[in-house]
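The block underneath contains the structure these notes are about, expressed in structure tokens.
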Amino acid sequence: MPELPEVEITRYGLAQELAGSTASGAVVREARLRWPVPADLSARLQGQRLKRIERRGKYLLFRFETGTLIGHLGMSGSLRVVPAASPAGPHEHVDLVFGARAARLRDPRRFGALLWHAGADESHPLLADLGIEPLGDQFDGEWLFRATRGRRTPVKLFVMDSHVVVGVGNIYASESLFRAGIRPRRPAGRLTRAECTRLAQAIRDTLQDALAAGGSSLRDFIHSDGASGYFQQQHYVYDRAGQACRVCGQSIRTLRLGQRSTFWCAKCQR
DNA sequence: CCACGCTCCTGCGCGC
DNA sequence: TGCGCGCAGGAGCGTG
């Protein structure tokens with residue numbers, strides 16, 4: 001599933017190939033994504049130059065001359081540049097066409113989205129209330145310490161709340177908490193300053209490592225048919241229930257938190 | 001404001 | 001081997 005590093009690599013790859021190009025339209029084979037793809041998408045894009053592609057959280061922002069195409073890959077989506085004339089396979093729902101090339105959205109589970117925003121800003125309701133960027137300058141231990149004060153929600157759910165911090169999905173939440181040595185059920189507001197410092201750093205490191213892993217396989221990611229696209233990171237705890245902790249050897253435990261599977265080591269995390 | 005559970009959807013893995 | 005069931009997950013949204 002695309003987490004923030006995959007989205008960033010997608011953004012970078014698409015921008016390398018398509019920024020500055022002029023769209024000739026869009027082909028919508030299946031409009032039923034999370035929200036309906038606008039019926040007039042092709043007309044809106046036709047003849048417009050794609051100025052640049054930005055990212056906010058896991059949202060991709062295609063900045064065109066008269067507005068922004070907001071994209072989200074949901075949990076099964078990918079966007080890749082293909083020859084516009086190549087036949088579309090299963091679940092390849094939308095093409096953003098730029099002459100002979102197209103950015104093709106494949107999204108089997110259709111949790112993704114493509115929406116039009118008539119502006120060059122972040123005033124769209126989906127963007128306006130997003131939290132801080134975890135790889136930005138503001139995000140550090142002190143910020144996290146202040147943000148968590150008074151919050152009783154389990155720290156894992158807190159860091160996964162995109163209105164607090166964007167881009168920390170279920171996998172990286174467990175991984176970051178392991179790296180920080182903090183148990184996932186700890187009430188967020190009870191973390192010490194030192195723990196917040198460790199956690200903020202762990203989140204940055206986890207995302208940065210994934211980004212680095214993705215950078216080295218960038219070519220594959222952009223051009224492959226998908227299977228090799230997602231980063232095969234070595235997880236410390238995620239999906240390792242019952243297996244030996246890579247640090248201490250104890251059996252990795254699992255629990256449900258907010259209807260999400262959660263993995264942790266009882267010895268390494270306190 | 002806060003906490004929490006439901007929801008969308010399809011592919012996969014498991015048990016029989 | 002084949003079938004059917006349950007689970008997985010990002011994040012908006014409704015409810016208490």
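Note on naming: letters A, B, ... go to the chains in the order of the sequence lines (proteins, then strands), and numbering restarts at 1 for each one.
The distance from atom CG of A/D239 to atom P of C/dA8 is 9 Å, rounded to the nearest whole Å. A straight line from CD of A/Q259 to P of B/dC9 spans 19 Å, rounded to a whole angstrom. Distance, A/E3 CD to C/dA11 C1': 13 Å, rounded to whole Å. Going from atom NE2 of A/H72 over to atom P of B/dC9 covers 17 Å, rounded to whole Å. Separating the CE atom of A/M75 from the C1' atom of B/dG11 is a distance of 10 Å, rounded to the nearest angstrom. Atom CG of A/N170 and atom P of C/dA11 are 11 Å apart (whole Å). The distance between atom CG of A/L60 and atom P of C/dG10, rounded to the nearest whole Å, is 16 Å. A straight line from CG of A/L255 to C1' of C/dC7 spans 16 Å, rounded to a whole angstrom.
Between A/S261 and A/Y59, the residue anchored closer to the 5' end of DNA chain C is A/S261, taking for each the nucleotide with the nearest heavy atom.
Using a 4.0 Å heavy-atom cutoff across all strands shown, A/R32 reaches no nucleic acid atom at all.
Below 30°, between 30° and 60°, or above 60°: for A/F64 and A/F62 the angle between ring planes is below 30°, a parallel geometry. The aromatic rings of A/Y238 and A/F263 lie perpendicular to each other, with more than 60° between the two planes, well past the 30° mark.
Salt bridge annotation for A/K156-A/D161: absent, with no cationic side-chain nitrogen under 4.0 angstrom from a carboxylate oxygen. Between A/E92 and A/R106 no salt bridge is recorded (no basic side-chain N to carboxylate O distance below 4.0 Å). Taking a cutoff of 4.0 Å between a charged side-chain nitrogen and a carboxylate oxygen, A/E133 and A/R55 qualify as a salt bridge. Taking a cutoff of 4.0 Å between a charged side-chain nitrogen and a carboxylate oxygen, A/R63 and A/E54 qualify as a salt bridge. Salt bridge A/R193/A/E195: absent, no basic N to carboxylate O contact under 4.0 Å.
In this structure, A/F178 is a member of the same hydrophobic cluster as A/I182, with clusters built from ILVMFWY side-chain heavy atoms closer than 4.5 Å.
Residue side chain A/R260 reaches the base of C/dG10 through a donor-acceptor N/O pair under 3.5 Å, judged by distance alone.
The ring-ring contact (aromatic ring centres under 6.0 Å, His included) pairs that include a residue from residues 118-162 of chain A are A/H117-A/H124, A/F139-A/W143, where partners are two or more places apart or lie in different chains.
Contact check for A/V94 versus A/R104: no side-chain heavy atoms found under the 4.5 Å cut-off.
Among C/dA8, B/dT10, C/dG9, the nucleotide with an atom closest to any side-chain atom of A/R256 is C/dA8. Listed nucleotides C/dG10, C/dG12, B/dT10 differ in distance to A/F111; the shortest reach to its side chain belongs to C/dG10.
For the contact set between residues 150-166 of chain A and DNA chain B, defined by any heavy atom under 4.0 Å, the members are A/R151, A/R152, A/T153.
Using a 4.0 Å cut-off, no side-chain N or O of A/Y238 falls inside it from OP1 or OP2 of C/dA8. For the pair A/R34 and C/dG12, the criterion of a side-chain N or O lying under 4.0 Å from OP1 or OP2 is not met.
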Strand DNA chain C in bracket notation, Watson-Crick/G-U under 3.5 Å with | for pairs to another chain: .|||||||||||||||
